[in-house]
Amino acid sequence: MEMKRLSRIALGVVCCLTAIGAEAFATRMKPLRVSENGHFLLEKGGKPFFILADTAWPLFSGLSRKDVMFYLNDRKTKGFNTILCSLLHFWPNSQTEPPPKHLVYGFSAFDGNHYDLTRPNKQYWNHVDWVMQQAQERSLRLAIIPCRFRHSGSRWTQPLTGAAQTRFGEYLGIRTGNYNNIIWLFGGDYPHDQDKHALRLMAEGIRYYAPQHLISYYSDDLSSSGAFGHNERWLAFNSIRTHTKENPAEYALVQQDWHRAPAKPTWLAEPYYERPGSRFPVRQAAWRSVLNGSVGFGYGVSDMFGLDNGDNWKEMLDMPGGSDVLRMLDLLKSQPWHRLVPDHAVKDKLLAAVETDTDVYFPSACSVDRDFGVVYLPVRAAIAVDMGKFEGSVVGRWFSPTSMNSVEAEGSPFFNAGVHTIRPPEPNELAEADLVLVLTASSTAEASRDYTTVLAIRGDKFTINGKRTFLFGISYYGALGAQPEFVISDLDDMQRFGINWIRVWATWGAFGNDVTVVDEQGRAREPYMSRLKKLVAECDQRGMIVDVTLSRGNGIVGGPRLQSQQVHKQAVETLATELKDHRNWYMDLGNERNITDKRYVSMSQLRELRNALKQIDKDRLVTASRAGDIPQLELQEYIKRVGVDFITPHRPRSSKSAKQTSRKSFEYITRMKEMGTVVPLHYQEPFRRGFTRGWEPTVNDFLIDAKAAVESGAAGWCLHNGDQKDKPESKPRRSFDMREQRLFDQLDDFEKSALEQISEVFKGR
């Protein structure tokens with residue numbers, strides 16, 4: 001059969017076949033094949049291959065051998081893996097163009113200085129062999145257009161008979177059959193008016209002698225081979241050309257190819273060429289095409305190999321857009337990029353919404369294994385991401401596409417449930433207008449954390465990382481409205497005094513500033529949920545505990561948020577999922593839940609809320625605070641019916657309160673022993689200054705109360721604080737409002753002195 005085919009090839013062709021030589025086989029590359037799912041390319045052995053091509057059309061016919069080596073060395077060193085080139089780069093479009101020949105060495109591509117494909121010139125094709133070998137030695141693939149022609153209308157008309165094309169295809173197959181680094185691209189700049197039969201003949205000729213070579217086709221502007229010959233058997237993958245348009249809808253062509261049947265890979269082979277000042281459009285085209293499912297990108301510099309520019313093309317090798325697309329490949333290769341599935345191909349999308357008025361397309365994709373995702377932002381905008389797409393906690397990082405500098409996304413790591421709004425960093429952190437967000441989940445995200453603070457209970461006491469610890473805290477209600485530097489400075493002072501616990505409200509609003517972390521449906525409300533997560537993370541790293549308090553609200557301190565059991569339950573579930581990765585916080589299900597106004601939460605409702613939280617996070621500690629001392633029957637309901645992990649009575653606030661603490665502690669502990677269940681007693685909100693008419697606690701009152709708590713067996717005590725009701729504008733507002741001043745700058749002299757003395761009492765507890 002092979003001899004029969006060879007007999008059909010012109011004698012001149014046979015005579016000019018050269019022995020490739022042993023050196024040609026020294027660095028055999030692995031051939032490419034199409035993956036089983038039809039959406040990407042593989043090297044032999046199953047390694048995914050992304051085509052990152054640089055465009056050098058006259059590689060075979062316009063450069064000296066010295067320049068060929070210079071060029072290939074440069075592209076290999078920089079990280080390109082493919083060169084887009086043409087065997088016969090002479091644009092035979094008119095009657096006046098001369099036959100193809102090498103522009104440096106002068107030898108013609110075909111004998112007799114004609115256009116006859118059946119009469120290849122030995123010198124020219126030996127040089128072709130040398131170029132292919134140079135590329136193979138550098139592990140570079142060549143995406144080659146065999147010849148640029150129309151089937152009719154030019155001087156190529158006569159030699160381009162079916163027989164000639166078959167013979168030329170066979171010649172190319174024989175000539176290149178020992179190379180595994182060859183990809184063929186039929187067509188070249190022309191509309192889809194080729195004779196499919198002629199193309200089939202050329203493809204048949206190549207494939208008979210070089211079956212490992214993949215073949216594609218690309219033609220005129222804003223088109224894909226998918227629209228021309230997707231069902232052709234010889235077409236292994238599609239190629240797209242947009243070329244002259246600065247911001248084309250290249251992603252739409254990639255999307256169309258992705259959804260064609262049968263599935264075949266596609267790539268943006270010839271997009272907009274880089275020109276001075278056009279770095280961004282090139283980069284944008286690359287990211288948009290890749291995140292929509294392209295398996296490659298063809299980069300190029302406009303007029304780099306102009307015939308009259310001398311060695312200027314060497315300077316163009318350092319155009320910045322080339323570095324940008326190489327950075328893109330490096331970032332993609334850091335993840336199993338071939339597992340990405342673009343959003344347009346799935347029902348539940350990674351990118352749920354974009355907060356922008358700009359009519360710009362934001363591409364996004366998530367891996368089929370649900371372990372990482374990528375979103376490209378052509379402009380800065382807040383984006384809503386469905387974290388339910390991931391398995392495990394999610395770490396988000398913003399990357400600069402021009403430097404690969406990165407910063408962690410605010411609120412990261414995220415719990416893998418619900419839609420999270422993520423806002424891009426300030427321009428002074430990553431200067432570019434466009435950004436790349438990479439989301440990494442599962443064990444990778446978990447391994448990146450260094451949080452070590454774990455709150456638990458042993459008997460009637462709290463433990464931190466297994467050590468029994470008395471919780472000495474301070475009220476920090478409006479922390480989510482404070483400036484970040486205020487919070488850090490306050491936490492530094494807290495630790496100086498030995499404070500290891502703060503009380504923060506998740507439903508808080510005061511003095512016209514609502515910092516509640518959930519909305520009217522109980523879903524996450526940004527940016528306050530992210531601020532709460534950041535505060536919990538900061539405390540986690542400092543070894544501090546956070547009380548996260550919910551309240552249905554009475555319209556006085558913030559708007560009434562959780563006005564139905566359904567919404568209240570949703571808020572509990574939202575917090576439980578958003579903060580699940582941290583073990584340094586507990587939840588107060590309902591502040592002073594016994595007050596019979598809009599704040600009221602029944603015992604049965606508390607039980608439902610508690611169960612909802614434990615369903616998500618069985619080890620999370622939970623309580624429900626009560627206004628006033630807890631009656632004996634109610635104490636039993638809290639512990640036995642609701643199942644709180646500890647009790648938190650808010651004792652009456654009078655001049656007698658401090659002196660009653662020891663006795664009350666004894667009563668609670670005794671009653672719990674009688675019930676057969678003793679849980680920690682936590683005084684999370686005792687009296688404070690600025691609250692009780694006719695009485696202001698002194699330093700001694702605070703000191704007596706704190707000492708009584710620790711000595712009578714309680715597990716925690718708080719220096720409660722808040723606004724000064726009888727002063728103009730209720731100032732100082734202390735933890736109720738920290739927009740203008742941090743907490744420690746608003747405490748009065750009595751509170752500061754009390755802290756100094758109480759810190760000595762609690763040392764070592």
Side-chain angles (χ1 to χ4, degrees), residues 455-464 467-475 498-503 545 547 549 586 588 591-594 621-640 642-688 691-692 695 697-721 754-755 757-765:
L455 176 69
I457 290 175
R458 186 187 304 157
D460 62 351
K461 297 295 186 291
F462 293 107
T463 65
I464 297 179
K467 180 181 178 181
R468 284 197 176 190
T469 306
F470 188 91
L471 296 187
F472 170 31
I474 193 167
S475 296
I499 292 172
N500 58 13
W501 164 76
I502 59 175
R503 189 164 191 242
I545 306 304
D547 172 325
T549 295
Y586 68 78
D588 184 340
N591 180 70
E592 300 184 349
R593 42 74 38 195
N594 59 304
L621 300 186
V622 62
T623 190
S625 57
R626 187 191 194 281
D629 291 319
I630 306 176
Q632 185 172 354
L633 291 178
E634 200 168 309
L635 179 64
Q636 184 167 342
E637 283 198 280
Y638 271 116
I639 297 173
K640 297 294 188 179
V642 176
V644 297
D645 294 298
F646 56 96
I647 58 172
T648 48
H650 292 182
R651 296 214 58 252
R653 299 166 183 174
S654 71
S655 59
K656 300 177 182 180
S657 296
K659 297 177 183 179
Q660 297 171 346
T661 298
S662 290
R663 178 171 58 85
K664 284 297 180 182
S665 297
F666 176 77
E667 291 176 2
Y668 286 128
I669 295 171
T670 300
R671 291 172 184 170
M672 288 189 286
K673 288 179 179 178
E674 292 172 352
M675 285 189 292
T677 304
V678 180
V679 299
L681 167 62
H682 189 3
Y683 291 120
Q684 64 167 192
E685 189 177 312
F687 52 78
R688 69 173 177 85
F691 181 83
T692 305
W695 176 66
T698 64
V699 173
N700 198 47
D701 290 318
F702 286 119
L703 188 58
I704 291 173
D705 197 49
K707 282 184 177 181
V710 71
E711 292 173 358
S712 63
W717 182 89
C718 176
L719 181 75
H720 186 36
N721 62 81
L755 275 177
Q757 297 183 50
I758 294 170
S759 65
E760 295 297 321
V761 174
F762 289 151
K763 278 185 177 179
R765 297 284 183 175

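Here the structure is a predicted model, which is why all the values come from computation and not from measurement.
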Which is it for Leu471 and Ile464 under the side-chain contact (heavy atoms from CB on, under 4.5 Å) test, yes or no, and what are the steps along the way? CA-CA 9 Å; Leu471 296 187; Ile464 297 179; 4.2 Å; yes
Stepwise side-chain contact (heavy atoms from CB on, under 4.5 Å) check, Phe472 with Trp501: CA-CA 6 Å; Phe472 170 31; Trp501 164 76; over 6 Å; no
Step by step, work out the side-chain contact (heavy atoms from CB on, under 4.5 Å) result for Phe462 and Thr469. CA-CA 6 Å; Phe462 293 107; Thr469 306; 5.6 Å; no
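The closest side-chain heavy-atom distance from Ile457 to Pro680 is below 4.5 Å. Side chains of Val679 and Met672 form a contact here, defined as non-hydrogen atoms less than 4.5 Å apart. Two residues are said to be in side-chain contact when any heavy atoms from C-beta on lie closer than 4.5 Å; Lys707 and Leu703 meet this criterion.
Not one N or O on the side chain of Thr661 forms a donor-acceptor pair closer than 3.5 Å with the backbone of Ala709. The main-chain N or O of Phe470 is found under 3.5 Å from a side-chain atom of Asn500 such that the two form a donor-acceptor pair.
Taken to the nearest 0.5 Å, the CZ atom of Arg688 stands 15.0 Å off from the CG atom of Asp701. Here Ile545 contributes atom CD1 and Leu455 contributes atom CG; the two are 4.5 Å apart, rounded to the nearest 0.5 Å. Atoms CD1 and CD1, from Ile499 and Ile474 in turn, are 4.5 Å apart once rounded to the nearest 0.5 Å. Taking NZ of Lys640 as the start and CG of Leu635 as the end, the distance is 10.5 Å to the nearest 0.5 Å. Interatomic distance, Asp705 CG to His720 NE2, rounded to the nearest 0.5 Å: 12.0 Å. The CG atom of Asn700 lies 8.0 Å from the CD atom of Gln757; values are rounded to the nearest 0.5 Å.
Across every non-hydrogen atom of Ile758 and Ala706, the tightest pair is CG2-CB, 3.9 Å. Annotation for Glu674 and Gln632: closest pair OE1-NE2, 4.2 Å, computed over non-hydrogen atoms.
Shown here are the ring pair (Phe, Tyr, Trp, His ring centres under 6.0 Å) partners of Phe687, two or more places apart in sequence or in another chain: Trp695, Phe702. Applying the side chain to side chain donor-acceptor pair (under 3.5 Å) test to Ser655 and every residue at least two apart in sequence or in another chain returns nothing. With sequence neighbours excluded, no residue forms a side chain to side chain donor-acceptor pair (under 3.5 Å) with Thr463. Residues meeting the side chain to side chain donor-acceptor pair (under 3.5 Å) test with Asn594, sequence neighbours left out: none. Looking at residues two or more places apart in sequence or on another chain, you find a salt bridge (charged side-chain N to carboxylate O under 4.0 Å, His left out) between Arg503 and Asp547, Asp588, Glu685. Partners of Glu634 by salt bridge (charged side-chain N to carboxylate O under 4.0 Å, His left out), not counting sequence neighbours, listed by chain and number: Arg593, Arg626. Annotation: ring pair (Phe, Tyr, Trp, His ring centres under 6.0 Å) contacts of Tyr683 (sequence neighbours excluded): none. Taking the side chain to side chain contact (heavy atoms under 4.5 Å, CB included) definition, one finds that Lys673 meets it with Ile669, Val678, sequence neighbours left out. Residues that satisfy the side chain to side chain donor-acceptor pair (under 3.5 Å) test with Asn721, not counting sequence neighbours, are Ser735. Not counting sequence neighbours, the partners of Arg671 by the salt bridge (charged side-chain N to carboxylate O under 4.0 Å, His left out) test are Glu667.
Between the side chains of Ser712 and Ser665, at least one donor N or O sits under 3.5 Å from an acceptor N or O. In this structure, a donor-acceptor pair under 3.5 Å is absent between the side chains of Thr549 and Asn591.
Residue pairs meeting the ring-ring contact (aromatic ring centres under 6.0 Å, His included) criterion with at least one member in residues 656-680: none, sequence neighbours excluded.
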Taking distance alone, no hydrogens or angles, what donor-acceptor pairs closer than 3.5 Å link side-chain atoms of residues 645-652 to residues at least two apart or in another chain?
unit_1: Asp645; atom_1: OD2; unit_2: Lys614; atom_2: NZ; d: 3.0
unit_1: Asp645; atom_1: OD2; unit_2: Val622; atom_2: N; d: 2.8
unit_1: Thr648; atom_1: OG1; unit_2: Thr623; atom_2: OG1; d: 3.1
unit_1: Thr648; atom_1: OG1; unit_2: Ser625; atom_2: N; d: 3.4
unit_1: His650; atom_1: ND1; unit_2: Glu592; atom_2: OE2; d: 2.9
unit_1: His650; atom_1: NE2; unit_2: Gln684; atom_2: OE1; d: 2.9
unit_1: Arg651; atom_1: NE; unit_2: Asp629; atom_2: OD1; d: 2.9
unit_1: Arg651; atom_1: NH1; unit_2: Ser657; atom_2: O; d: 3.2
unit_1: Arg651; atom_1: NH2; unit_2: Asp629; atom_2: OD2; d: 3.4
unit_1: Arg651; atom_1: NH2; unit_2: Gln660; atom_2: OE1; d: 2.8

